Protein chains: 2
Amino acid sequence: MPQRSPGGPISLSVIKTACSGCNLRELCLPLGLSAEELERLDDLVSVRRRVKRGEHLYRSGTPFDSIFAIRSGFFKTDVLIEDGREQVTGFQMAGELLGLDGISSEHHTCNAVALEDSEICAIPFARLEVLSREIHTLQHHFHKVMSREIVRDHGVMMLLGTMRAEERLAAFLLNLSQRFTARGFSHAEFYLRMTREEIGSYLGLKLETVSRAFSRFQEEGYIAVQQKHIRILDVAGLKALMNHHR
Amino acid sequence: MPQRSPGGPISLSVIKTACSGCNLRELCLPLGLSAEELERLDDLVSVRRRVKRGEHLYRSGTPFDSIFAIRSGFFKTDVLIEDGREQVTGFQMAGELLGLDGISSEHHTCNAVALEDSEICAIPFARLEVLSREIHTLQHHFHKVMSREIVRDHGVMMLLGTMRAEERLAAFLLNLSQRFTARGFSHAEFYLRMTREEIGSYLGLKLETVSRAFSRFQEEGYIAVQQKHIRILDVAGLKALMNHHR
DNA sequence: GCGCGTGCTTGATCCATGTCAACGGGGCAG
DNA sequence: CTGCCCCGTTGACATGGATCAAGCACGCGC
């Protein structure tokens with residue numbers, strides 16, 4: 001069991017901002033809402049806070065009452081089993097939601113850890129349900145977000161169940177690239193916020209295998225790697241590699 | 001590629017029954033509803049139909065408009081990629097919902113195939129959203145069901161990412177056993193509706209590996225297998241095996 | 001009742017990835 | 001500036017599961 005830092009796991013400094021002024025509103029929950037509806041969502045999303053690198057936003061087993069939207073930063077979610085095995089279930093970036101897994105049992109079922117200093121918006125779930133009864137667009141969009149999470153998970157199952165090491169890593173890099181692009185960052189150049197071990201855990205590989213695959217991609221000229229700095233040189237090459245199954 | 005049966009993929013014989021009289025109402029969507037609310041759900045769930053063994057309930061890429069509740073029978077869902085690889089994403093039994101993945105893009109993103117003659121209830125999603133705005137219990141329960149699906153997927157990711165072959169199969173058998181129990185069937189004795197290959201696809205293993213693991217479990221006295229007929233002899237043994245990681 | 005096909009089992013071998021080990025570099029603490 | 005620790009890289013070797021191949025059992029159609 002991970003130990004709690006004294007005085008609670010999360011830093012509580014509150015930031016004042018609103019969905020209506022948030023540049024992520026086209027990615028995040030507010031998508032498709034009118035100005036007036038957006039204001040009602042603002043009321044609901046009153047708590048914003050910072051989570052420092054390495055801190056938990058929530059832990060598996062703790063009571064669930066809010067979902068969280070990432071305003072800035074980068075998170076991982078993971079599940080641990082007794083014998084110490086860890087499975088990273090996802091990496092989340094700005095505009096994505098955290099905590100949906102907690103709705104079913106009213107307790108979080110995974111850990112969410114900031115991989116860099118981050119800011120999140122807490123959305124009290126009970127109030128979200130009330131509001132989404134009134135705002136159809138919000139209701140529907142929320143359902144889409146949950147469904148998208150399920151589809152994403154199926155993709156990971158595909159990856160874990162059928163792909164070999166290099167395919168997995170290629171898929172991972174292309175996915176990150178695409179998500180960075182959607183946020184207005186370079187699609188070709190980015191910093192990884194996670195370690196090789198965390199990548200490995202997510203992809204069902206050991207860190208050495210991840211490292212070797214990175215090296216091979218570099219030798220082949222698909223990417224340039226230096227530690228956590230990645231430059232994608234040949235998107236098509238990486239894509240081709242993914243169909244390269246025996 | 002599975003071929004389409006002439007005249008469309010699904011048999012359309014309609015069965016007349018109601019949620020209010022359904023013995024699955026404690027497992028399925030109606031959970032927690034009052035008699036009066038249940039009647040309103042009945043109105044919504046008007047289409048019931050049979051899907052014969054081997055037939056598709058829906059296919060990846062087709063438009064989404066309903067989710068489906070399984071009234072009786074057994075399904076698999078799978079995702080295919082171009083080069084023919086298949087990933088089975090789940091096996092579903094009576095009382096479980098199918099099609100949640102389609103909400104996000106308004107198209108189904110996987111195939112649902114009956115593994116035995118089955119009966120399903122179609123729930124038009126747009127109408128479910130309307131009704132769940134009016135019935136809070138229904139809204140909340142629906143959210144829980146979606147969330148449970150996410151949690152389940154995380155479990156599969158854990159399995160695929162960190163477990164070895166025998167652990168995966170043990171986890172699979174225990175999970176089936178537990179779900180049969182919840183439906184009032186024997187926890188110790190059941191028929192598998194799926195082939196070794198489908199089990200393998202779900203567990204990220206080849207069919208030979210699945211077969212060998214079954215044989216080993218039998219040698220060890222954990223189970224008795226004869227083709228698709230499984231008898232679990234030592235639940236504790238199977239559970240112990242799951243922590244048996246090197 | 002017989003023959004065929006599909007699915008299952010089992011054996012032999014191979015290979016991708018895991019494991020173990022050594023080393024190097026960068027960043028942070030003092 | 002110096003030293004340490006964490007992270008990443010690389011090599012040598014081990015192994016679990018994949019692959020290839022053969023044969024068997026059951027269910028179904030004729």
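The model shown is predicted, which means the values in this text are computed figures rather than measured ones. A note on names: the letters A, B, ... follow the listed sequences, proteins ahead of strands, and every chain is numbered from 1.
- In this structure, A/Lys228 does not reach the C/dG26 phosphate: none of its side-chain N or O atoms is under 4.0 Å from OP1 or OP2.
- Backbone-only engagement by A/Gly204 is indicated by non-hydrogen atom pairs under 4.0 Å involving sugar-phosphate atoms exclusively.
- Listed candidates were D/dT19, C/dG18, C/dT10. Nearest to the side chain of A/Leu205 is C/dG18.
- With respect to the salt-bridge test (charged N to carboxylate O, under 4.0 angstrom), the residues B/Arg50 and B/Glu55 do not qualify.
- With a 4.5 Å cut-off on side-chain heavy atoms, B/Leu115 and B/Phe91 count as touching.
- When the nucleotides D/dC26, D/dA18, D/dT9 are ranked by their closest atom to the side chain of B/Lys206, D/dA18 comes out on top.
- With rounding to whole Å, B/Leu192 atom CG is found 10 Å from C/dT9 atom P.
- We find that CD of A/Glu167 is positioned 12 Å from P of C/dA16, with the value rounded to whole Å.
- Counting to the nearest Å, the C1' atom of C/dC8 and the CE atom of B/Met194 are 15 Å from each other.
- Note: CZ (A/Phe217) to C1' (D/dG8) measures 17 Å, nearest angstrom.
- For A/Arg164, whose side chain is taken as the heavy atoms from C-beta onward, the closest listed nucleotide among C/dC8, D/dG8, C/dT17 is C/dT17.
- Annotation: A/Phe64 is in aromatic contact with A/His108 [ring centroid separation under 6.0 Å].
- If you measure from atom CZ of A/Phe214 to atom P of D/dG8, you get 9 Å, rounded to the nearest angstrom.
- Of the side-chain N and O atoms in A/Ser211, none sit less than 4.0 angstrom from OP1 or OP2 of D/dC7.
- Ion pairing of A/Glu166 with A/Arg216 is present here, as a side-chain N (NZ or NE/NH1/NH2) and a carboxylate O approach within less than 4.0 Å.
- Checking the phosphate oxygens (OP1, OP2) of C/dT17, no side-chain nitrogen or oxygen of A/Thr209 falls inside 4.0 Å.
- Put simply, CD on B/Glu166 is 10 Å from P on D/dG16, counting in whole angstrom units.
- Close to C/dT9, at under 4.0 Å from its OP1 or OP2, lies no side-chain N or O of B/Arg212.
- For B/Glu208, counting side-chain heavy atoms from C-beta on, the closest listed nucleotide (D/dT9, C/dC8, D/dA21) is D/dA21.
- In this structure, B/Tyr191 places its OH atom 12 Å from P of D/dC26, rounding to the nearest Å.
- Going from atom CZ of B/Arg53 over to atom P of C/dG7 covers 9 Å, rounded to whole Å.
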May I have the list of side-chain donor-acceptor pairs in residues 225-232 of chain B shorter than 3.5 Å, sequence neighbours left out?
from     : atom 1 : to       : atom 2 : distance (Å)
B/His229 : NE2    : B/Glu189 : OE2    : 3.1

